[in-house]
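One structure is given below, encoded as structure tokens.
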Amino acid sequence: MSNSSFQECINPDCRASFDVGQSYFACPKCGDLLDVRYDWDRLQVPDSLSWFGKRWATRNQPLDFSGVWRFRDLLNFCGDEHRITIGEGQTILQLNDGIADYVNCSAGRVFLEYEGLNPSGSFKDNGMTAAFSHARMVGTEHVACASTGNTSASLALYAHTCGMKSSVFIGSGKIAYGKLSQALDFGARTIQIQGDFDDCMRRVQEVCRDKGLYLVNSLNPFRLEGQKTIMYRVLEGLGWQVPDWIVVPGGNLGNSSAFGKAFGELKQLGLIERIPRLAVINATGANTLFDLYENQNMRFNGGAVDDKAIDAYYAKLDATGYRPHTIASAIEISRPVNLKKCLRALEICNGVVCEVPDEHIKDAKAAVGRFGLGCEPASAASVAGLKLLREQGVIEPDETVVCILTGHQLKDPNITVKYHSEENREFSNHPTEVPNDIDKIVAALGL
Ligand code: F0G
């Protein structure tokens, strides 16, 4: 297997390549991001996407049941003996006319890809199953990550399934309780650092480098291979038709990077005829990508990214003591590690970036609760972003749009309860407090 897949540095001036049996989380030659690449001619790739439908018939086999591994021919970096699955990727693509109406799109055009249905309640399981398969392949004993919550929950679940030690670094007071409770319950050593996600990310890299722990943040290129399958399932849900737009929240920018890679590869393989456009949505309080892409016009330029401009941007954040702040705690990140790969995805997908304020995220989240399956705040940035892009006329009412709902509604109940009980916003649904008296209860019911 190792000959038909390899790791490669994304920097065009470097392009160093490495065996998939190595675990590096940055190019050892130049420090840039690594990709997993395939020699497609040597791999047996089906000649149409609908071929994957055959695996529904053999879903009594765990790898065919997995919504990630039933597409394993498109992420073929390890053998079956290393692949681990806990049944991830059983997700739903829901046509949602209530949301279409809310965002001013035509009926029949807006779909929600609900990744909250994964075993740990977020899209992270798609990537984690792939990263842990690689971790098993290289004989890992101890895995680690920095997290705004969902990565740590997912890591902890896969680690105990694989019998590995796990350590998670989280910003003290920075993650929603649903997520913290998962990491603790699943048995991860949980290090609460007095700092934010960006601080944790820096520290976990130091520890992994110095102590040889296996890093499962999305710097890990194998993780992103698993996240490509979210797009395969979207296409499958649309009868293998390509939508006009994919709208996704942007935090550490792993998903957007993986989606761009997925579509680039499918096009290269002749499995799709056109690539959908990608919209990445930042929260206004954590808007590095928006600032760089839309305000400073930073582009991938075939790999020749302006590193100096990125360094200067981060130096300015340091100098001003800037800290990101948003109620969408999952995407409260100002130094996204996959920035360059996301810029590449935006190039591949002719993408746009926008920012949405917390108030709009809250309303969009409540709309998803009212009309759909519910989601956590960060996920609703996609719906708030679609609403904005409709207002701006970037997306047309009759275009087909898929919003990725990245995490489960129950991840962050505090925000939901506060919105409905303490706030007076568009969808607030105030609970009514009544004495324990039948007449008053009936009156409160308006009967
Ligand atoms: N939505 C949710 C629910 C998330 O948990 C995250 C990231 C994102 C969106 C952003 O995705 O990083 O691929 O751009 N959560 C990470 C974590 C950072 O630690 O759980 P991205």
Please confirm whether the ring centroid of Phe186 lies under 6.0 Å from the ring centroid of Tyr158.
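Judged by ring-centre distance (under 6.0 Å), Phe186 and Tyr158 do not meet the cut-off.
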Exercise. Can the ring centres of Phe18 and Phe6 be said to be less than 6.0 Å apart?
Worked result: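 Centroid distance Phe18-Phe6: not below 6.0 Å, so no.
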Quiz item: Hey, what's the ring geometry for Trp240 with Phe52, parallel, tilted or perpendicular (30° and 60° as the breaks)?
Solution: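 Tilted, since the angle between the ring planes falls between 30° and 60°.
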Looking at [Y] and [X], is there a salt bridge between them, counting it only when a charged N and a carboxylate O are closer than 4.0 Å?
X	Y	answer
Glu141	Lys165	no
Arg323	Asp198	no
Arg344	Glu347	no

Using distance only, find each side-chain donor-acceptor pair of residues 108-115 under 3.5 Å and give its atom names and separation, not counting sequence neighbours.
residue	atom	partner	partner atom	Å
Arg109	NE	Asp398	O	3.0
Arg109	NH1	Thr400	OG1	3.3
Glu113	OE2	Thr91	OG1	3.0
Glu115	OE1	Asn118	ND2	2.9
Glu115	OE1	Asn126	ND2	2.8
Glu115	OE1	Arg233	NH2	3.1
Glu115	OE2	Thr91	OG1	3.2
Glu115	OE2	Arg233	NH2	2.9

### Task
Quick one: list whatever passes side-chain hydrogen bond (donor to acceptor under 3.5 Å, both in side chains) with Asp306, sequence neighbours left out.
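In terms of side-chain hydrogen bond (donor to acceptor under 3.5 Å, both in side chains), with neighbours along the sequence ignored, Asp306 is linked to no residue.
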Q: State which residues pass side-chain hydrogen bond (donor to acceptor under 3.5 Å, both in side chains) with Gln205; sequence neighbours excluded, sorted by chain then number.
A: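 Listed in chain order: nothing, the list is empty.
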Kindly indicate whether a cation-pi arrangement holds for Arg425 with Tyr419, taking the cut-offs as under 6.0 Å to the six-membered ring centre and within 45° of the axis.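 No, a cation-pi geometry is absent between Arg425 and Tyr419.
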**Message:** Using side-chain heavy atoms (C-beta onward) and a distance below 4.5 Å, is Glu399 in contact with Trp245?
**Reply:**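 When only atoms from C-beta onward are counted, Trp245 and Glu399 do touch, with a gap below 4.5 Å.
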Worksheet item: Which residue pairs pass the salt bridge (charged side-chain N to carboxylate O under 4.0 Å, His left out) test when at least one of the two sits in residues 242-260, sequence neighbours left out?
Response: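 Every salt bridge (charged side-chain N to carboxylate O under 4.0 Å, His left out) pair that includes a residue of residues 242-260, provided the two are not neighbours, is Asp244-Arg274.
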(message) Once ring-ring contact (aromatic ring centres under 6.0 Å, His included) is applied, do any residues pair with Tyr232, and if so which ones, sequence neighbours excluded?
(response)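 ring-ring contact (aromatic ring centres under 6.0 Å, His included) list for Tyr232, sorted by chain: Phe71.
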- Message: Just to verify, what does Tyr38 make a ring-ring contact (aromatic ring centres under 6.0 Å, His included) with, not counting sequence neighbours?
- Response: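 Counting only residues at least two positions away or on another chain, Tyr38 forms a ring-ring contact (aromatic ring centres under 6.0 Å, His included) with Trp40.
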